[in-house]
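One structure below.
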Protein chains: 2
Amino acid sequence: MLTADTRAVIKSTNTSDRGRASIKDVAALAGCGIATVSRVLNGSGPTSVATHDRVLAAAASLDFQLSDIGRSLRTQRTRTIGCVVPSIANPVFAQALQGLQRAARAAGHQLIVSGSNYTLDQELEAVTTLLGKQVDGLVLTVSDPETSQALDLVRERGLPHALMFNHAPSLAPCASVDNASAARLVADAFVDQGHRLLGFLALRFGSSDRSRQRFEGFGARLQEHGLEAPVLLEVDDEPAHLADHLPSLLDEHRYLTGIFASNDMLALAAMQAARTLSLRVPYDLSIVGFDGIAIGQMVEPTLATVQTDPEAMGTAAAETVLAALRNEQVSSSCDQTRFHFRPGGSLSRCRDDQTDSGEVAASPLPSPTHPREPSLKKD
Amino acid sequence: MLTADTRAVIKSTNTSDRGRASIKDVAALAGCGIATVSRVLNGSGPTSVATHDRVLAAAASLDFQLSDIGRSLRTQRTRTIGCVVPSIANPVFAQALQGLQRAARAAGHQLIVSGSNYTLDQELEAVTTLLGKQVDGLVLTVSDPETSQALDLVRERGLPHALMFNHAPSLAPCASVDNASAARLVADAFVDQGHRLLGFLALRFGSSDRSRQRFEGFGARLQEHGLEAPVLLEVDDEPAHLADHLPSLLDEHRYLTGIFASNDMLALAAMQAARTLSLRVPYDLSIVGFDGIAIGQMVEPTLATVQTDPEAMGTAAAETVLAALRNEQVSSSCDQTRFHFRPGGSLSRCRDDQTDSGEVAASPLPSPTHPREPSLKKD
DNA sequence: CTGTTAGCGCATTCAC
DNA sequence: GTGAATGCGCTAACAG
């Protein structure tokens, strides 16, 4: 009969040779079978305290860790959730990822993140790769749920999934805001301030359902106010080129008194572009964004925007797929996150305002003639 | 001898029953061995066009995809790189992730991202989990390379790795900027503008080597200019609570004319806090940041800062571990990314400046008395 | 050119 | 309580 010590000598095949220790090494060192090691380390099944301790000691001395890929192959679960968003660099998605991460981690899952750079092929490629990696679930923000091959693929596979930011309850569970309704609030805000000539600024309008929904809500509400549809200002270049193109775009539309930007990053970029043109925000041009990212409140003037809760969307999306992984029934297929219009210094009364009915003229309204500069230069 | 069709009937065990098809199903459908399927799908080894096509057809009809976990178990490689950063929500890390992602993807690798929330235990936990997942390599930004258990663990395991933002060439390959030298530039900039009473603002100073290196470079250079060491303003709360604590912190130190913030996010938050206190930036308080994130250029006044290239750091870190994965020799153990001081509206001449030597007094310097409010309210 | 075989590390059934 | 045996999906030898 072999003592534990003797066996310990006999093994020595795997551990030191190459890479990390395997469960066999631990079993050999502890003088037991691999099944026991598995049971101890997983806390499954009964074990005597004696062996329990021996296994733990052995594992510690080898600083052994069960291999996830071995387990995954066996259990067909990876404890991993895939996530693809248009851009990690956009704070709005970064915040959502934060929420996702927290929820996933709390449930013992890791996140594999992929960025699609707002393109359809990278979107599909990312999902394909993720499927190959056998993620247990998927959280996506796609360019357009109605036509997304990526989403189709996931649905075919029957993998637990949820959309973030996208709103398409009939296609997939989603965590989003009601973009159209939110955009209507923006229209109201502009109209309240006497604006009539408005533009809608979007990045790659054609490939973002969110942009379109916001545009439509905005336009529809404007028409209800008896105004014309907003002018669509589209930038479909690389986000990096924004600084180049935005100023000329704004310059071509100087007659506009207000611009609703499809998201806060764009709105901020527009504010910067306006400065380039010596247009003063909000006096010469009012700007409203969408999302409510933190930096919007740090700039001067502060950015008027639709305040949403990206982190909550991430959390909600995560909960949806986590619930599905636990085989729970998902109650609502659609998590509508709260939102509200958040006033800010970037939106003020229109200088061309002609309305005499002072009913809504409660906000501080600068006289038609303005001082040459609001702050930086002295006169 | 069985025809392909007959065999196709015989299988039917796995495919439709449960989950996805396996390589066996494809082999059966194509009427060949699994090895051939593997060869065709991987483009390894020779295959006749005939079987090649049959396999492809079979795979397509089952919409089969090779399982990464099967492959990983066999090859002991996961084509996956783990990454842990303090916070996904900080744009500086988001940008770095962007660079990382691009490089990793180009090399056929995925990224598993984890946030440590600037805490040591989450840092260690994240790395442990990542090791369990058998990532091929690791890219980290740790709180302090000298003492990080997480980094120790990785080094013990002998896994290819690289640090981002951290600068500790003796411990691990790293992609960073020379924080101390960069901070000296900031000191010069402040002194050039006649500032003498300066503060250094940091978040969790004790647990960030980057903060400390910047503080030291800043302080050392100030002393070379014959000035006192900067006052250390430390915020060690949750980043979310910044808005609460920062104003009172600044209020306690009204005598300071300039503040060097450890990073741009903090600097932006400080600018916001200053507004809360009706302190005008830069006239009442000059602020300089560090990193050079894009939003810094979108705010008004623009943020003076040290311009770095986070994306390049991500790329460099990725290249380092990718090279190691290809068994290439890493040339330099340390990739110093370029940086430069970037002037901005948030830093102006000190109003208390007593120097008569008007040599550098080129910047527009407002008179000691200012209008009551900069912009938003009318008087 | 192609099929058979042997594990990779693990969880799990089934005896003991 | 515990161990031996099986197979998850795949790639790499090795025969043929």
Side-chain angles (χ1 to χ4, degrees), chain A residues 1-2 4 7 11 13-15 17-28 30-55 58-59 62 64-79 131-134 136, chain B residues 1-2 4 7 11 13-15 17-28 30-55 58-59 62 64-79 131-134 136:
Chain A
M1 176 187 171
L2 295 165
R7 294 195 187 200
K11 58 124 197 134
T13 25
N14 208 337
T15 308
D17 293 2
R18 173 96 186 78
R20 42 192 286 177
S22 118
I23 197 173
K24 286 185 199 162
D25 303 312
V26 180
C32 67
I34 62 169
T36 303
V37 176
S38 176
R39 277 189 283 258
V40 170
L41 263 31
N42 286 307
S44 60
T47 47
S48 74
V49 261
T51 52
H52 179 91
D53 293 345
R54 285 214 318 286
V55 167
L62 271 54
F64 170 75
Q65 199 179 352
L66 286 166
S67 157
D68 270 341
I69 74 157
R71 169 191 292 129
S72 293
L73 185 55
R74 180 60 225 258
T75 61
Q76 300 294 46
R77 302 185 65 250
T78 55
R79 294 166 173 276
L131 288 176
K133 278 218 167 325
Q134 239 105 321
D136 293 339
Chain B
M1 175 186 172
L2 295 164
R7 294 196 184 199
K11 58 126 198 129
T13 26
N14 207 338
T15 308
D17 293 2
R18 173 94 188 77
R20 42 192 285 176
S22 116
I23 197 173
K24 285 185 200 162
D25 302 311
V26 181
C32 67
I34 62 170
T36 303
V37 176
S38 176
R39 277 190 284 258
V40 169
L41 264 30
N42 285 306
S44 60
T47 47
S48 74
V49 261
T51 52
H52 178 93
D53 293 346
R54 286 214 318 286
V55 168
L62 271 56
F64 170 77
Q65 199 179 353
L66 286 166
S67 157
D68 269 343
I69 74 158
R71 171 191 292 127
S72 294
L73 185 55
R74 180 58 226 249
T75 61
Q76 299 294 47
R77 302 185 65 252
T78 54
R79 293 168 175 275
L131 287 176
K133 278 218 166 326
Q134 240 105 322
D136 293 339

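Every chain is numbered from 1 and lettered A, B, ... according to where its sequence line falls, protein lines coming before strand lines. Predicted model only: the values in this text are computed from it and were never measured.
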[X] side chain near [N] phosphate (N/O to OP1/OP2, under 4.0 Å):
{"X": "A/Ser72", "N": "C/dC10", "result": "no"}
{"X": "A/Lys24", "N": "C/dC8", "result": "yes"}
{"X": "B/Thr51", "N": "C/dT2", "result": "yes"}
{"X": "B/Thr36", "N": "C/dT2", "result": "no"}
{"X": "A/Thr47", "N": "D/dG1", "result": "no"}

**OP:** State whether a side-chain donor-acceptor pair under 3.5 Å links A/Gln134 with B/Arg20.
**Re:** yes

Original post:
Taking for each residue the nucleotide of DNA chain D with the nearest heavy atom, is it B/Ser44 or B/Leu73 whose nucleotide lies nearer the 5' end?
Top reply: B/Leu73

Could you please name the option among [options] that lies closest to any side-chain atom of [X]?
{"X": "A/Ala35", "options": "D/dA4, D/dC8, C/dC10", "result": "D/dA4"}
{"X": "A/Leu66", "options": "C/dC10, C/dT2, D/dC10", "result": "C/dC10"}
{"X": "A/Arg39", "options": "C/dC8, D/dG3, C/dG3", "result": "D/dG3"}

**OP:** Find which nucleotide of DNA chain C each of B/Val49 and B/Thr75 is nearest to by heavy atoms, and output the residue with the more 5' nucleotide.
**Re:** B/Val49

Original post:
Of B/Gln134 and B/Ala50, whose closest DNA chain C nucleotide lies nearer the 5' terminus?
Top reply: B/Ala50

**OP:** Taking the side chain as every heavy atom from C-beta outward, state whether A/Asn42 and A/Leu66 have any pair of such atoms under 4.5 Å apart.
**Re:** yes

Original post:
Quick one: are B/Thr51 and B/Cys32 in side-chain contact, heavy atoms under 4.5 Å?
Top reply: no

What integer distance in Å separates [X]:[atom1] from [N]:[atom2]?
{"X": "B/Gln76", "N": "C/dG7", "atom1": "CD", "atom2": "C1'", "value": "11 Å"}
{"X": "B/Ile69", "N": "C/dC10", "atom1": "CD1", "atom2": "P", "value": "13 Å"}
{"X": "A/Leu41", "N": "C/dT12", "atom1": "CG", "atom2": "P", "value": "14 Å"}
{"X": "B/Ile34", "N": "C/dG7", "atom1": "CD1", "atom2": "C1'", "value": "12 Å"}

